[in-house]
Amino acid sequence: MPGSSAGSIVRVSGPTVVAEGLEGVALNEVVRVGRDGLLGEVIRIRGGQATLQVYEETAGLVLGEPVDATGEPLAVELGPGLLGQVVDGIERPLDALAARTGDFIVRGVMHPALDRQRRWHFVPRVDPGDQLQGGAVAGVVQETASLVHRILVPPGLSGRVRAVTPGDATVTDPILVLEDGRTLSMLQRWPVRQRRPFLRRLTPERPFLTGQRVLDVFFPIAAGGTAIVPGGFGTGKTVLEQTLAKFAAADVIVYVGCGERGNEMTDVLAEFPRLKDPRTGSPLMERTVLVVNTSNMPVAAREASIYTGITLAEYFRDMSYQVALMVDSTSRWAEALREISARLSEMPGEEGYPTYLATRLGQFYERAGRVVPLSGDGEGAVTVTGAVSPPGGDFSEPVTQASLRVAGALWALTTDLAHRRHFPAIDWTQSFTLYADRLAAWFEHEVGEEWASLRQEAMRLLERERELQEIVQLVGLEAMQDQERIVLEAARLLREGFLRQNAFHDVDAACLPAKSLAMLRTILHFARRAAASIERGAPLRAILAAGLDEPLLRLGEVPGERMEAAGAALVAEIDDTLARVGGR
Ligand SMILES: Nc1ncnc2c1ncn2[C@@H]1O[C@H](COP(=O)(O)OP(=O)(O)OP(=O)(O)O)[C@@H](O)[C@H]1O
Ligand SMILES: [Mg+2]
């Protein structure tokens with residue numbers, strides 16, 4: 001019987017424990033380990049022994065201590081009260097834990113993710129007599145100023161409504177009674193390792209706007225798509241993921257801080273609650289959930305944290321929201337997997353990672369997507385961006401390689417650019433996106449017809465620069481023709497004035513596509529006109545000395561609403577200036 005199977009500890013090895021006597025226990029079942037009742041999960045059953053990964057510090061466990069099966073898989077609580085929360089990898093709220101124990105590292109303390117006392121104002125969307133299906137919207141709660149929480153009928157459940165209770169209720173109070181007597185509350189649970197069902201998948205055809213020019217213009221991803229962000233130490237992975245959390249076009253943000261240094265997460269925990277939502281002016285946390293498992297917290301809970309994160313994301317997707325999930329860093333998750341695998345004495349694959357690393361990564365990223373939820377109302381999406389931390393910035397290592405095979409886009413950060421303080425340090429020669437063709441129509445229709453042609457022209461300019469740079473390496477800049485040097489200058493303006501973007505500047509931090517397009521138009525106008533002037537014999541020196549680079553390099557600081565006018569004025573100035581320096 002579930003919950004009744006009692007076993008005892010026969011071995012303790014770091015985060016894993018072996019128990020005997022757990023008759024009938026199932027793989028992935030949650031167990032309580034030892035006298036303190038530490039939370040664990042069954043990860044292997046063999047020859048009457050069950051191997052458990054324990055989500056809490058195992059030091060001090062003694063052989064012979066009891067282990068109890070719960071009959072349940074590892075699951076998270078879903079319902080009003082998630083937004084604004086900071087939880088660990090198994091969804092325990094950090095502040096409640098800290099308040100109870102005075103420390104983040106606690107053992108055997110179960111604290112529910114959702115506040116049992118807090119009352120929410122439930123407004124039903126169904127009437128007695130209605131037939132309900134799993135996933136239907138039973139009602140709504142204005143959870144925060146930023147978001148209406150749609151109360152969903154749990155997937156798999158259906159029935160006819162007998163009675164509805166509107167008004168204030170806790171998450172466990174009954175809000176609906178079905179004709180067969182079953183009751184529904186606002187709280188539901190979902191096993192984290194299982195993807196939540198939906199009606200059908202939609203093809204990704206709208207962009208997930210990030211607010212980063214280099215991404216939105218050159219390497220855009222679709223809403224419901226996936227991108228990986230590999231980069232060596234200090235190349236800006238965390239700053240980029242946090243910038244996305246702040247500025248990307250999403251209704252809900254789920255940010256998974258996975259195995260990074262404690263102090264890095266402390267920055268996030270200190271910074272996020274102070275951030276203003278650029279869309280509403282209210283705190284960003286009102287539409288954010290943070291899942292935090294730093295490097296000093298138990299390794300098994302880190303392994304679980306990405307599943308907890310994506311389950312939360314799917315839940316909001318099922319309310320027909322656009323959800324963005326950031327994971328920083330998937331490498332630390334893979335290291336947790338490796339450590340647990342080693343404890344199991346499994347046959348190691350490349351660099352000690354288990355052979356199923358790629359499969360697991362694939363299963364995780366596959367949970368991203370744009371779907372029609374079970375409710376049939378509109379659409380929802382989960383977009384995933386996962387940071388990868390390859391040791392030494394070497395992308396040939398297993399985690400980067402396995403991630404590359406399943407992701408729709410690569411946003412490659414390089415040490416070279418970071419050292420030159422070119423941020424975001426996204427290398428345009430290595431990065432790619434599989435979504436560009438699908439999204440082209442949206443950009444042309446919604447932003448401007450010249451989108452694709454300007455994008456191409458800009459990419460050609462960068463390509464041309466790369467070729468010329470190789471020659472410069474050989475012969476030196478002085479030996480270059482003026483026609484080539486003006487190309488190098490235009491490419492520099494494109495790199496420094498457009499691709500580069502200051503995450504810490506009020507205006508420049510985020511950029512809408514319309515502004516990106518106007519910037520591109522202006523910079524490329526200079527590129528063409530300056531090249532034409534040289535052709536007509538204008539002296540390079542005069543063009544370089546005309547001071548046009550100043551305003552072109554500062555376009556990013558022009559507020560979006562003034563960009564169109566500022567761009568047009570600059571275009572006129574470019575024409576005047578170039579006419580003056582001669583070459584006619
Ligand atoms: N977009 C940006 N704009 C300005 N500065 C940036 C930007 N991105 C990164 N930086 C600078 O680079 C530093 C390192 O960035 P970050 O901490 O994000 O790197 P990381 O790749 O996460 O490093 P680690 O490998 O240690 O996790 C930042 O503290 C900041 O000074
Ligand atoms: Mg980092």
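Whatever order the structure lists ligands and atoms in, that order sets their numbers, starting from 1. For clarity, every value in this text was computed on a predicted model and none was experimentally measured.
- Between Tyr255 and Phe272, the two ring planes are tilted [angle within 30° to 60°].
- Closest protein heavy atom to atom 17 (O) of ligand 1: Glu264 OE2, 3.7 Å.
- The closest approach between any non-hydrogen atom of Gly234 and ligand 1 is below 4.0 Å.
- Aromatic ring centroids of His422 and Trp428 lie under 6.0 Å apart.
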Please test Phe208 against Tyr435 for ring pair (Phe, Tyr, Trp, His ring centres under 6.0 Å), starting from the C-alpha separation and ending with a verdict.
CA-CA 10 Å; Phe208 170 74; Tyr435 304 101; over 10 Å; no
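- In terms of polar-atom proximity, defined here as any N/O pair under 3.5 Å, Thr238 does make such a contact with ligand 1.
- Every atom of ligand 1 with a heavy atom of Ala503 under 4.0 Å away is listed here by number and element: 1 (N), 2 (C), 3 (N).
- The protein atom (non-hydrogen) at minimum distance from atom 12 (O) of ligand 1 is Phe423 CZ, 3.4 Å.
- There is no protein heavy atom less than 4.0 angstrom from atom 29 (O) of ligand 1.
- Here's the thing with Val239: one of its N/O atoms is less than 3.5 angstrom from an N/O atom of ligand 1.
- Atoms of ligand 1 lying under 4.0 Å from at least one heavy atom of Phe233, given by number and element, are 25 (O), 26 (O).
- With Lys237, Glu241, Arg421 as candidates, the residue nearest to atom 31 (O) of ligand 1 on a non-hydrogen basis is Arg421.
- Ligand-side atoms of ligand 1 in range of Phe504: 3 (N), 4 (C), 5 (N), 6 (C), range being under 4.0 angstrom from any heavy atom.
- Shown here is Arg492, whose CZ atom has more than 12 heavy atoms of other residues, nucleotides or ligands within 6.0 Å.
- When distances to the Mg ion (ligand 2) are checked against a cut-off of 2.8 Å, Thr238 contributes an N, O or S atom below that limit.
- Judged by distance alone, the side chains of Thr400 and Glu397 do bring a donor and an acceptor atom under 3.5 Å apart.
- In terms of N/O distances under 3.5 Å, ligand 1 is approached by Gly236.
- Judged by distance alone, the side chains of Thr16 and Gln53 never bring a donor and an acceptor atom under 3.5 Å apart.
- Look at Lys246 and Asp277 and you find no salt bridge, because none of the NZ, NE, NH1 or NH2 atoms lies under 4.0 Å from a carboxylate O.
- Partner of Asp508 under the side chain to side chain donor-acceptor pair (under 3.5 Å) criterion, chosen from Arg554, Gln501, Arg213: Arg213.
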